[in-house]
Protein chains: 2
Amino acid sequence: MAKTTGRAHRGGHSGVSIEDVAAAAGVSTATVSRAVRGLPRVSPATREKILGVAEELGYVASSSASGLATGRTRTIGVLAPFVSRWFFSKAIEGADRELHARQYNLSLFNLGGHGSHRERLFSKTMVYKQIDALLVLCMALTHEEIEHLQKIDIPLVVVGGHVEECPYIGIDDYAAAAAAVRHLIELGHTEIALLHGDDETDLNFDVPRVRIKAFQDVMAEAGLNVRKEWDEWGDFTVRSGQDAFHRLWDRPGPKPTAIFCASDEMAMGIIFEATRAGVRIPEDLSVIGIDDHDFSEAMGLTTVRQRPDEQAELGTKMLLDELDGIAGAVRSTVAPHQLIVRSSTGSPGRRASPLPPSN
Amino acid sequence: MAKTTGRAHRGGHSGVSIEDVAAAAGVSTATVSRAVRGLPRVSPATREKILGVAEELGYVASSSASGLATGRTRTIGVLAPFVSRWFFSKAIEGADRELHARQYNLSLFNLGGHGSHRERLFSKTMVYKQIDALLVLCMALTHEEIEHLQKIDIPLVVVGGHVEECPYIGIDDYAAAAAAVRHLIELGHTEIALLHGDDETDLNFDVPRVRIKAFQDVMAEAGLNVRKEWDEWGDFTVRSGQDAFHRLWDRPGPKPTAIFCASDEMAMGIIFEATRAGVRIPEDLSVIGIDDHDFSEAMGLTTVRQRPDEQAELGTKMLLDELDGIAGAVRSTVAPHQLIVRSSTGSPGRRASPLPPSN
DNA sequence: CTGAAAGCGCTAACAA
DNA sequence: TTGTTAGCGCTTTCAG
């Protein structure tokens with residue numbers, strides 16, 4: 001241990017300090033510092049010796065101390081509204097990959113589910129001075145929050161949704177939604193319902209809006225009628241898809257032959273309830289989603305794939321590059337999407353068949 | 001800003017320091033420190049004044065500095081093998097709830113998917129001196145890793161699985177599995193297959209083993225025959241459930257009337273493929289899982305519920321209590337489980353009916 | 001109740 | 001190539 005006196009009264013954290021290593025190796029702390037960080041200006045012999053001693057003593061630099069000295073924490077923050085929903089957990093994994101590879105730590109800030117909407121406003125305190133950069137995952141943010149973020153003046157990027165004035169990475173939501181709707185139309189559907197995501201008014205988040213717009217535009221383009229009664233909404237969960245199905249079906253009047261869902265989870269909700277109600281997929285109802293959730297392949301759900309993990313990985317890379325001094329590394333980028341046709345969509349033709357094929 | 005000279009050359013992090021606040025409030029840094037942390041020995045008047053100034057200046061204490069001074073980071077680490085699987089993402093959410101409530105940060109260490117098995121061995125470096133305590137999520141750990149962890153001499157608890165010599169929180173896996181199998185037996189099933197989890201030999205992780213043992217014991221107890229060909233395994237994913245179904249069905253010989261799956265995701269895989277193959281659930285095949293995954297209710301999957309979020313929340317609370325000086329706060333605890341009967345299980349009776357009811 | 005001052009462990013000029 | 005030395009910003013005795 002070091003020689004100072006003031007140590008004993010502190011919180012008993014054991015731990016070998018750089019001084020211990022320096023002493024044991026017969027060099028100065030400065031040299032140890034260079035050696036362990038792999039910096040130049042250390043002779044091979046000295047370096048080897050120091051590394052040996054460090055290893056032996058089990059030395060690990062204190063992140064607080066080096067953080068204080070350098071002004072960097074080597075930690076990046078990830079802000080998410082949920083962690084257990086598909087998009088977010090995948091994105092976190094992606095961010096982690098890049099972070100791990102570059103020896104950074106990941107600090108997770110989960111804004112969802114904590115108290116009131118008001119209180120969730122991340123007290124600057126939360127992230128301030130604790131992270132070197134921030135990755136925001138597809139959050140609906142208030143203007144106030146955006147301002148806060150920008151004041152914190154650290155590299156920042158948002159993944160999975162536009163937030164005004166912030167660089168973002170995500171798919172072209174308009175094009176993705178349009179591709180889904182076109183697929184349905186090409187199959188011959190004309191009676192198409194829409195299950196869109198929450199609007200979250202006043203929360204600066206336009207992913208739902210953009211997808212709705214795409215739906216309307218493509219329908220109009222094709223000269224198809226958009227029925228108001230078939231305009232349903234959900235919150236991206238399976239549950240909300242189930243509820244939407246019932247609102248659609250437990251009501252008199254004609255039924256759509258296809259439904260475009262703004263997320264796979266909602267599409268699954270539709271499929272579960274449809275099946276339960278004896279509505280066959282895709283004979284009676286074609287269902288398409290967006291995402292390509294882990295379960296979608298198993299369920300045969302046709303969808304427009306996106307890769308949140310890759311989006312987050314890229315965003316993280318940009319952040320880290322920026323921190324490495326590459327100015328302009330962080331820039332808005334459009335991520336790819338791809339239509340994946342499976343068995344939940346088909347032509348509306350067989351619909352009226354009185355008896356199902358022996359299936 | 002402060003007055004020192006050595007500042008300019010550092011990494012341009014702006015930021016108001018405690019000295020700035022002290023100066024602006026006309027008090028010493030010691031007093032500011034007490035005031036902002038809500039410690040006693042500050043007159044109400046002074047405190048108010050300081051808080052006002054701090055607010056105005058946007059002061060936030062540097063975590064590195066206070067970490068260095070106190071030896072605490074106010075961060076706890078969460079070690080997980082995956083983040084996007086149900087159990088883990090739920091557990092992370094649970095841990096976060098408690099952490100957030102107590103003003104701690106959550107540092108996520110994702111061991112899965114990173115390079116080779118060897119390399120994944122968490123270099124002590126990774127967590128050492130960066131966190132005050134560690135929550136390990138249901139990890140299969142090598143002996144070496146366990147040793148490492150114990151050397152790091154910080155509060156530690158594992159959630160969701162036994163790890164020898166470590167305090168753990170989780171359901172009684174034996175009882176939970178037994179409850180599932182008994183449910184099947186009570187329904188009248190005698191031909192029961194098992195889809196268990198990976199063994200991960202040599203990784204100190206016995207959840208799969210325990211569940212297998214329970215299955216065998218209960219079957220024996222009931223005088224039922226356990227067929228070797230009906231002993232399947234998977235890795236807890238939907239995909240592996242699908243594969244298992246095919247191994248079971250694409251083979252000549254009698255078929256089971258029920259299957260006990262060690263996880264809901266695997267059970268879902270079975271259901272998806274069974275449905276696709278025309279095997280009706282539960283008329284032809286009853287399926288039961290363990291977990292109560294988010295999708296289980298929607299799918300009508302009978303299961304034994306557990307709440308990873310609550311387990312992790314409790315584990316985190318113990319860790320934090322321990323850090324608060326409550327010695328012995330961390331102790332192994334059995335979490336509750338509960339059989340949830342839905343529509344994927346039923347009596348094997350109708351099995352031989354030549355024609356399905358108009359369903 | 002308040003302030004002075006000595007560190008916490010590490011880094012980064014600057015000298016040597 | 002290596003060491004000296006001044007901090008980084010905050011906490012915590014200890015005195016007053």
Side-chain angles (χ1 to χ4, degrees), chain A residues 1-23 25-50 54 57 59-74 128-130, chain B residues 1-23 25-50 54 57 59-74 128-130:
Chain A
M1 294 286 290
K3 33 66 223 277
T4 46
T5 44
R7 183 78 69 75
H9 65 91
R10 297 307 165 75
H13 48 126
S14 58
V16 188
S17 80
I18 198 172
E19 274 197 54
D20 301 318
V21 178
V27 296
S28 74
T29 62
T31 306
V32 174
S33 180
R34 292 182 197 114
V36 299
R37 286 184 296 157
L39 295 185
R41 304 176 159 237
V42 181
S43 77
T46 326
R47 182 185 305 271
E48 196 178 345
K49 161 129 209 185
I50 292 177
L57 265 43
Y59 169 71
V60 175
S62 150
S63 54
S64 293
S66 66
L68 181 54
T70 60
R72 307 273 235 187
T73 59
R74 263 198 114 65
Y128 199 40
K129 286 181 180 163
Q130 312 228 70
Chain B
M1 293 287 290
K3 35 72 228 271
T4 46
T5 45
R7 183 77 70 75
H9 64 91
R10 296 307 162 77
H13 46 127
S14 57
V16 188
S17 81
I18 197 174
E19 273 197 58
D20 301 318
V21 178
V27 296
S28 74
T29 62
T31 305
V32 174
S33 181
R34 293 183 196 109
V36 297
R37 285 183 300 156
L39 295 185
R41 306 177 159 236
V42 181
S43 76
T46 322
R47 184 184 304 272
E48 196 178 346
K49 158 125 209 185
I50 292 176
L57 267 44
Y59 170 70
V60 175
S62 149
S63 54
S64 294
S66 65
L68 180 55
T70 60
R72 307 272 233 189
T73 59
R74 261 198 115 66
Y128 198 42
K129 285 180 180 164
Q130 312 228 71

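Below, each value reflects all heavy atoms present in this structure, side chains not excepted, and no hydrogens, waters or symmetry copies. Throughout, protein chains are lettered first and strands after them, A, B, ... in sequence-line order, and every chain is numbered starting at 1.
With rounding to the nearest 0.5 Å, the separation of CZ in A:Arg72 from OG in A:Ser63 is 15.0 Å. In this structure, the separation between CG on A:Leu68 and OG on B:Ser62 is 6.0 Å, given to the nearest 0.5 Å.
At least one donor-acceptor pair closer than 3.5 Å links the side chain of A:Arg47 to the backbone N or O of A:Leu39. A donor-acceptor contact shorter than 3.5 Å is absent between the side chain of B:Lys129 and the backbone of A:Gly15. Side-chain atoms of A:Thr70 come within 3.5 Å of backbone atoms of A:Ser66 as a donor-acceptor pair (strictly under, hydrogens ignored). At distances below 3.5 Å, not a single donor-acceptor pair connects side-chain atoms of B:Thr29 with backbone N or O atoms of B:Ala22.
Counting only heavy atoms from C-beta outward, the side chains of A:Thr73 and B:Ser64 approach each other to under 4.5 Å.
Within the nucleic acid shown, A:Thr46 comes within 4.0 Å of sugar-phosphate atoms alone, with no base atom in reach, counting heavy atoms only.
Atom CD1 of A:Ile50 and atom P of D:dG3 are 8 Å apart (whole Å). Whole-Å rounding puts the B:Leu57 CG to D:dG9 P distance at 14 Å. A straight line from CG of A:Leu68 to P of D:dC10 spans 9 Å, rounded to a whole angstrom. A straight line from NZ of A:Lys49 to C1' of D:dT1 spans 16 Å, rounded to a whole angstrom. Here the P atom of nucleotide D:dC10 and the CZ atom of B:Arg74 are 16 Å apart, to the nearest Å. The CD atom of A:Gln130 sits 16 Å away from the P atom of D:dG9 (whole-angstrom rounding). Counting to the nearest Å, the P atom of C:dC10 and the CD atom of A:Glu19 are 8 Å from each other.
Within residues 30-40 of chain B, the residues approaching DNA chain D are B:Ala30, B:Ser33, B:Arg34, B:Arg37, by heavy-atom distance under 4.0 Å.
Across the interface with DNA chain C, nearest-nucleotide mapping of B:Ala65 and B:Ser43 shows B:Ser43 to be the residue nearer the 5′ end.
Distance from the side chain of A:Ile18 is smallest to C:dG9 among C:dG9, D:dG9, C:dT2. Looking at the side chain of A:Arg41, the nearest of the listed nucleotides C:dC10, D:dT2, C:dC1 is D:dT2.
Taking only side-chain nitrogens and oxygens, A:Ser28 comes nearer than 4.0 Å to OP1 or OP2 of D:dG3.
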